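Report on one structure; see the data block that follows.
Because the structure is a prediction, the values reported are computed rather than measured. Whatever order the structure lists them in is the order used to number ligands and atoms, beginning at 1. Counting begins at 1 with the first residue of the sequence.
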Amino acid sequence: MHVTSFAMEGFALVQNLLPQDECSALAARFSLEAHGSAGSRCLLEEPWCREIAKRIGNSASLTGIIAPHAVAVQCTYFEKSVQRNWIVPTHQDLSIAVREKIAHPGLRGWSEKEGELFVQSPPEILEQLVAVRVHLDPCDEHDGPVRVYSGSHRLGLIDPASAAVEKHKFKEVECVAEIGSALVMSPLLLHASSKASGTSLRRVLHFLFGPPVLPLGLQWRYAVPLADGGRREEAVPAMNAALLP
Ligand SMILES: O=C(O)CCC(=O)C(=O)O
């Protein structure tokens with residue numbers, strides 16, 4: 001069922017992807033840790049995060065959505081509240097974190113965030129990426145949930161300037177969520193979010209999974225293989241799979 005929603009609508013809401021007590025423990029960890037900004041992008045450096053990424057990638061609920069040979073390439077923590085608030089206009093997520101800059105005319109949109117290098121993903125890779133946003137808190141309509149435009153991923157890569165117009169062709173869905181559930185989405189899906197207006201925290205771990213090898217000489221900044229997690233049995237090609245400490 002999730003496979004069909006993901007293919008047709010570009011997203012699926014997956015209940016109970018992680019146990020609620022684990023999410024509460026993760027949320028407590030983040031409340032204790034000092035985060036200078038509303039997000040932190042380098043979490044795949046941490047063994048606990050790599051372990052969760054493998055478990056999610058191997059989850060039976062995501063069979064047919066995350067490919068058996070996929071690697072986890074990013075995990076970002078987002079904490080939204082009235083104190084740390086933001087609004088995101090309608091967009092597609094086009095950037096991927098890579099190891100080093102490659103001079104190639106087909107590559108653009110280079111940027112640096114939190115010391116990591118990003119580039120606009122080649123289109124054929126964008127189609128293979130899967131984002132999994134795990135909710136560490138319940139998220140209702142007052143908590144600034146992500147709103148998606150169902151089916152808009154089928155537009156493929158669009159001019160960012162036309163996103164605000166294109167979205168009207170699709171049904172808007174406000175992705176409220178229970179603790180432990182996840183919004184699983186294609187980064188090509190048009191999405192947006194509003195500011196939180198309630199009193200809760202909206203803490204999310206945003207994982208990104210992709211194919212093990214990138215074109216044009218690009219290499220992932222992080223590439224955590226999913227193998228040895230149970231369901232997956234295939235070996236992951238070593239080439240371009242960044243070795244983590
Ligand atoms: O966390 C949010 O409110 C929006 C996140 C988002 O749009 C994104 O990660 O691309």
Side-chain angles (χ1 to χ4, degrees), residues 6 9-14 17 23 26-27 30 35-44 49 53 56 72-97 109 111-114 116 118-121 125-150 152-153 155 157-161 163-164 166-167 170 172-179 181-210 221-222:
F6 185 79
E9 292 160 25
F11 73 102
L13 293 165
V14 178
L17 187 64
C23 290
L26 285 166
F30 282 109
H35 282 278
S37 67
S40 175
R41 288 169 203 280
C42 316
L43 296 179
L44 281 180
C49 185
I56 290 175
V73 297
Q74 210 176 322
C75 177
T76 306
Y77 170 71
F78 288 113
E79 180 176 314
K80 186 186 269 190
S81 66
V82 282
Q83 281 78 35
R84 285 177 176 177
N85 226 343
W86 66 86
I87 182 167
V88 186
T90 308
H91 67 290
Q92 300 176 305
D93 287 338
L94 304 180
S95 293
I96 54 171
S111 65
E112 221 181 289
K113 291 174 206 152
E114 295 182 21
E116 301 209 330
F118 289 81
V119 66
Q120 182 171 322
S121 168
I125 296 300
L126 277 176
E127 286 161 13
Q128 299 175 60
L129 298 178
V130 181
V132 179
R133 293 174 59 90
V134 182
H135 284 268
L136 305 184
D137 299 295
C139 172
D140 71 18
E141 65 274 23
H142 305 294
D143 298 322
V146 165
R147 298 190 308 278
V148 299
Y149 295 89
S150 179
S152 57
H153 64 304
L155 291 171
L157 185 58
I158 63 165
D159 175 1
E166 292 294 329
K167 73 176 184 182
F170 302 93
E172 182 182 274
V173 180
E174 191 171 53
C175 297
V176 295
E178 300 295 326
I179 178 171
S181 64
L183 167 60
V184 179
M185 61 184 275
S186 162
L188 284 169
L189 191 69
L190 287 171
H191 61 288
S193 76
S194 306
K195 286 190 172 182
S197 57
T199 51
S200 331
L201 295 179
R202 195 217 63 184
R203 288 169 288 194
V204 167
L205 285 174
H206 181 130
F207 291 87
L208 187 65
F209 297 88
R221 169 69 180 87
Y222 304 103

**Prompt:** Closest approach of F6 and S186, non-hydrogen atoms and distance?
**Reply:** CE1-N, 3.5 Å
So what's ligand 1 close to, N/O to N/O, under 3.5 Å?
{"unit_1": "ligand 1", "atom_1": "1 (O)", "unit_2": "R133", "atom_2": "NH2", "d": "3.2"}
{"unit_1": "ligand 1", "atom_1": "1 (O)", "unit_2": "R202", "atom_2": "NH1", "d": "3.4"}
{"unit_1": "ligand 1", "atom_1": "1 (O)", "unit_2": "R202", "atom_2": "NH2", "d": "2.7"}
{"unit_1": "ligand 1", "atom_1": "3 (O)", "unit_2": "K80", "atom_2": "NZ", "d": "3.0"}
{"unit_1": "ligand 1", "atom_1": "3 (O)", "unit_2": "W86", "atom_2": "NE1", "d": "3.2"}
{"unit_1": "ligand 1", "atom_1": "3 (O)", "unit_2": "S193", "atom_2": "OG", "d": "2.6"}
{"unit_1": "ligand 1", "atom_1": "3 (O)", "unit_2": "R202", "atom_2": "NH1", "d": "3.0"}
{"unit_1": "ligand 1", "atom_1": "7 (O)", "unit_2": "H91", "atom_2": "NE2", "d": "3.3"}
{"unit_1": "ligand 1", "atom_1": "7 (O)", "unit_2": "H191", "atom_2": "NE2", "d": "3.4"}
{"unit_1": "ligand 1", "atom_1": "10 (O)", "unit_2": "H91", "atom_2": "NE2", "d": "3.0"}
{"unit_1": "ligand 1", "atom_1": "10 (O)", "unit_2": "D93", "atom_2": "OD1", "d": "2.7"}
{"unit_1": "ligand 1", "atom_1": "10 (O)", "unit_2": "D93", "atom_2": "OD2", "d": "3.0"}
{"unit_1": "ligand 1", "atom_1": "10 (O)", "unit_2": "H191", "atom_2": "NE2", "d": "3.0"}

**Request:** Could you tell me whether the side chain of H142 and the main chain of A196 form a donor-acceptor pair under 3.5 Å?
**Result:** no
**Asked** Among all residues two or more places apart in sequence or in another chain, which pass the salt bridge (charged side-chain N to carboxylate O under 4.0 Å, His left out) test with E178?
**Response** none
**Item:** Residues which pass side-chain contact (heavy atoms from CB on, under 4.5 Å) with V82, listed by chain and number, not counting sequence neighbours
**Value:** N85
**Asked** Going by distance alone, is a donor N or O of one side chain under 3.5 Å from an acceptor N or O of the other, for K80 and S193?
**Response** yes
**Asked** Tell me, which pairs form a salt bridge (Lys or Arg N to Asp or Glu O under 4.0 Å) where one or both residues lie in residues 125-149, sequence neighbours left out?
**Response** D137-R203, R147-E172
